[in-house]
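For the numbers below, each heavy atom of this structure counts, side chains included, while hydrogens, waters and symmetry mates do not. One is the number of the first residue; the rest follow in order along the sequence. Source: prediction; values computed, not measured.
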Amino acid sequence: MSKQTKFIADFHVHSHYSIATSKDLNLENLEKWAQLKGIQVVGTGDVIHPGWYDELKEKLIPDEDGLFRLKDEYRLREASEKSFVSFILSGEISNIYKKDGSQRKVHNLILASSLDTVKNIQVKLKNIGNIYSDGRPILGLDSKDLLEIILEAGDDAVLIPAHIWTPWFSVLGSKSGFCCIEECFEDLTSYIFALETGLSSDPPMNWLCSFLDNYTLISNSDAHSPEKLGREANLFFTELSYKGIIEALKSGDKDKFSGTIEFFPEEGKYHFDGHRKCGISWTPEQTIRHKGICPVCGKKVTVGVLNRVVQLADRKDSHERQNRHSFYSITSLKSLLAEIKGVGQKTKGVQYLYESIIKKGGSEFSILLEYPYDRIEEIGGEIVAEGIRRLRNREVYIKAGFDGEFGAVKVFKPGEIKHFSSQTSLFKDGLHVYPPQKREVRPQTRDELLFERNFPREEKGREEALIQNKIQNLNIQQEEAKNHFLGPCLILAGPGTGKTFTLTMRIINLVLERSVDPSSILAITFTRRAKEEMEKRIHMAFAGEIPPDSISIATFHSFGLSILKRYAGNFGRKYPFSIFGEDETGYILRSFSGVAEKEVEDIQHKISRVKNSGFPPISFEDKKFSQIYEDYEMILKRENAFDLDDLVFYPVRLFLERADVIKSYRSSYKFICIDEYQDINKAQYQLIRILAPDRDANICVIGDPDQAIYAFRGANIEFIRNFQTDYPDAKVYKMKKSYRCSNIILKAASQIIDNEDNLHLT
């Protein structure tokens, strides 16, 4: 048996025989671009077309079991200097047929391990329709009957429904007439084990549909030119063979099928609803409001992927899907370089810069997904490194695609590149911190899907300005929360009600109206963006009347960092120390603790859970893990470093062990404000309770118990629900008026879920 190996695979591509594809789509260029991208396994595409089949037979030789590679004489010079790319036989078939009185248009992807199997399929399909006219043959054949032909052609050939949400040609699209996989494939459905989700959706959207739980969700490029390879792709850690790939897809085992590389779904050309000819681009809410009719021409708009997912979803929270694979959302390196240079992707300047960076960095995916930022800065410069940091953290601006028109992703604001001076750091003092490269998948709630997606990131500034304009005159609920003075208070606020704004106004009110010393106020947020937003508003409100840093505004991590700077010696470190991200901690586990590659991610998560559980850490029942944890902590100490979770874990330990220190901090901070309280974990909860232990403490927290999104980091929604138990005299304020979203969207949401757990805001 071949050894397990990490590799990236893109199964769905086309050839120069397909309509509307590049003349350069041949095997030679597919190998070249796969190497540039960092893809090890590429679909041949169009394997059913007789002309392409003959090219495959001429140019390919068997490689690993069931895979192929290009013969030496056909390899391009620049490609021949690198290792071979493995090809997997693949092709797309367009099934257009009538079923139950309705026309169906479904595209299906087939995979096979031998040219003999493909020939068997060709013979059958040739008797049904024309397989010569297009690389993707259009056949009047029921998808179920195609599946039967595939199964009879060879015991290892498989069928995977392609881009399942695309409106016009897919099994679940708005035009398909099917509402589940079983309706399409009937009694043969058990032979379908994987689904290709397409460019206009992402995993959290798909996880809202429980009927997809039985399938491995894959992503491919559907490339119509070699350069488009890998715009979506799949991550494997398994045997590099046809059998290994298929077994990984059948099992869905996260140790074998690691996850996917994704478009930002808004960038896909069918994300929103709309009518391209008339320039109409709509959110689901707008489509409902207009009853699906274009106001320009009076015809029905094309219902896009977001709306279709909303219609079929039956979950409130995507986190309910048990087997959730990791994913990356990215855009191409050329797209980023073109944005930085302010020119088109095909210009000579962008091409030269791309080639230079790839030559130094090895492959595009290594640069976009793996390299630490100092290495990226070394090979591409400061602005490129910052752009990739933003991509990895989804800090992008997007104009959503609709009705066949791709969306657009931007990383920088207009004019920002020109005035770019230094790389943004996670912390105010400029400590260089590498954020996690392979994040635990962030669960997405129903409301995030409807509200966040209904306002493209490109419009965030405009949307925020609109909200601010509407709530300059605070409504009654906001006014009451703002005016709360002494004692604990809990502000329950739904999506779009102006949570951070209201909390900011309360802080301003404390200083201007209640004469509270600014230095006695501590405000903690979850994200750097929320922190900066709060700082900006407060500084504008005081217009230079108080020093900018008088009020302590921090994230949990930056607040913890400020503590460790002063007391690092208590834990065997000295300042300045290093902050290790996931790359560094993974390296420690692999190199010094003897952890197998496939176990590294799991061990990292276990260590994180231990530290997020607070102090003292949870007990270890697993002796092997206990030793790994002990070794890991010893190496961190030896390297004069903390990891990101330590930035809360160790301050909690310090406060519990040093009465003099906690007394000093309690004396300093008389008023404490916490944003997004529903997302705190046990360690963060301990930190807050130690700082504000008394039942009459001046602590104000704000959050929405229906919107917790950080369960994977140990967040526990019970902390916000138990706030009144911790502080029995707490005053409770409820903010229900949303300035971001109309009742129509809420009604759309009810098509998915009966909102049974809204008792905290009613």
Side-chain angles (χ1 to χ4, degrees), residues 14 18-22 92 94-96 102-107 133-136 138 162-178 197-202 205 221-225 228 231-232 263-312 331-332 335 338 344-346 396-410 449-450 453-459 462-463 742 744-745 748:
H14 289 281
S18 281
I19 294 173
T21 60
S22 169
E92 185 182 33
S94 178
N95 297 81
I96 301 178
S102 298
Q103 188 179 57
R104 317 289 181 165
K105 298 179 180 180
V106 181
H107 282 189
S133 62
D134 190 357
R136 181 205 302 112
I138 302 172
H163 42 70
I164 60 172
W165 295 111
T166 303
W168 300 99
F169 298 99
S170 69
V171 67
L172 296 178
S174 58
K175 305 286 187 180
S176 75
F178 297 124
T197 55
L199 304 180
S200 296
S201 72
D202 67 358
M205 289 174 63
S221 67
D222 195 1
H224 285 214
S225 69
K228 297 298 183 183
R231 56 184 176 179
E232 291 201 331
F263 247 36
F264 288 96
E266 297 93 335
E267 191 180 3
K269 61 182 181 179
Y270 290 107
H271 186 71
F272 272 3
D273 308 336
H275 196 185
R276 181 170 43 164
K277 289 184 179 179
C278 298
I280 298 298
S281 174
W282 282 346
T283 67
E285 178 264 345
Q286 290 171 306
T287 303
I288 293 170
R289 190 165 68 230
H290 290 87
K291 298 181 180 179
I293 302 299
C294 173
V296 178
C297 67
K299 296 180 181 179
K300 288 184 177 180
V301 299
T302 301
V303 174
V305 172
L306 175 62
N307 198 332
R308 186 60 172 163
V309 171
V310 168
Q311 293 172 18
L312 298 186
T331 190
S332 71
S335 175
Q345 292 187 42
K346 295 183 179 180
V396 296
Y397 305 88
I398 306 181
K399 179 182 178 182
F402 67 100
D403 194 23
E405 182 173 307
F406 281 106
V409 175
K410 299 293 182 184
L449 177 65
L450 289 171
R453 297 291 172 82
N454 279 333
F455 292 93
R457 288 175 177 85
E458 184 186 45
E459 300 296 322
R462 189 178 305 169
E463 173 208 353
S742 71
I744 296 177
I745 295 182

Original post:
Do the side chains of Ser94 and Arg136 get nearer than 4.5 Å, heavy atoms only?
Top reply: yes

Subject >> Contact check, side chains of Lys175 and Val303, non-hydrogen atoms, under 4.5 Å >> reply: no

Subject >> Separation of Asp273 CG from Leu306 CG (nearest 0.5 Å) >> reply: 7.5 Å

Original post:
For the atom pair NZ (Lys277) and SG (Cys297), what is the distance rounded to the nearest 0.5 Å?
Top reply: 9.0 Å

Original post:
Is there a donor-acceptor pair closer than 3.5 Å between any side-chain N or O of Ser200 and the backbone N or O of Tyr270?
Top reply: yes

**OP:** For residues Val296 and Ile280, report the shortest heavy-atom separation together with the two atoms involved.
**Re:** CG2-CD1, 4.1 Å

Original post:
Going from NZ on Lys269 to CZ on Arg276, what distance comes out if it is rounded to the nearest 0.5 angstrom?
Top reply: 7.5 Å

Subject >> Closest non-hydrogen atom pair between Ser170 and Ser176, with its separation >> reply: O-CB, 3.0 Å

**OP:** Measure across Glu232 and Ser201 and return the closest heavy-atom pair with its distance rounded to 0.1 Å.
**Re:** OE2-O, 4.3 Å

Subject >> Side-chain donor or acceptor of Arg308 paired with backbone N/O of Leu172 under 3.5 Å >> reply: yes

**OP:** Over all heavy atoms of both residues, which pair between Met205 and Pro265 is shortest? Give the atoms and the distance, please.
**Re:** SD-CB, 4.1 Å

**OP:** Please tell me if the side chains of Glu267 and Thr331 come closer than 4.5 Å, counting only heavy atoms from C-beta onward.
**Re:** yes

Original post:
So do the side chains of Val301 and Asp403 get within less than 4.5 Å of each other, counting heavy atoms only?
Top reply: no

Original post:
Any side-chain donor-acceptor pair under 3.5 Å between His163 and Glu92?
Top reply: yes

Original post:
So His290 and Trp282, would you call those rings parallel, tilted or perpendicular, with 30° and 60° as cut-offs?
Top reply: parallel

Original post:
Given side chains that start at C-beta, do those of Gln345 and Ser332 come closer than 4.5 Å, heavy atoms only?
Top reply: yes

**OP:** Please answer whether the main-chain N or O of His107 pairs with a side-chain N or O of Asn95 as donor and acceptor at a distance below 3.5 Å.
**Re:** no

Subject >> Euclidean distance, Ile138 CD1 relative to Ile19 CD1, rounded to 0.5 Å >> reply: 6.0 Å

Subject >> Closest non-hydrogen atom pair, Phe406 against Leu199 >> reply: CE2-CD1, 4.0 Å

Original post:
Hey, does Val409 have a side-chain heavy atom less than 4.5 Å from the side chain of Phe263?
Top reply: no

Subject >> Validation row: Ile398, Lys410 side chains within 4.5 angstrom (heavy atoms) >> reply: no

Original post:
If only atom types and distance count, is the side chain of Glu405 paired as donor or acceptor with the main-chain N or O of Phe402 below 3.5 Å?
Top reply: no

Subject >> Shortest non-hydrogen contact from Ala400 toward His271 >> reply: CB-CD2, 4.4 Å

Original post:
Should Phe272 and Thr287 count as side-chain neighbours, where that means a heavy-atom distance under 4.5 Å?
Top reply: no

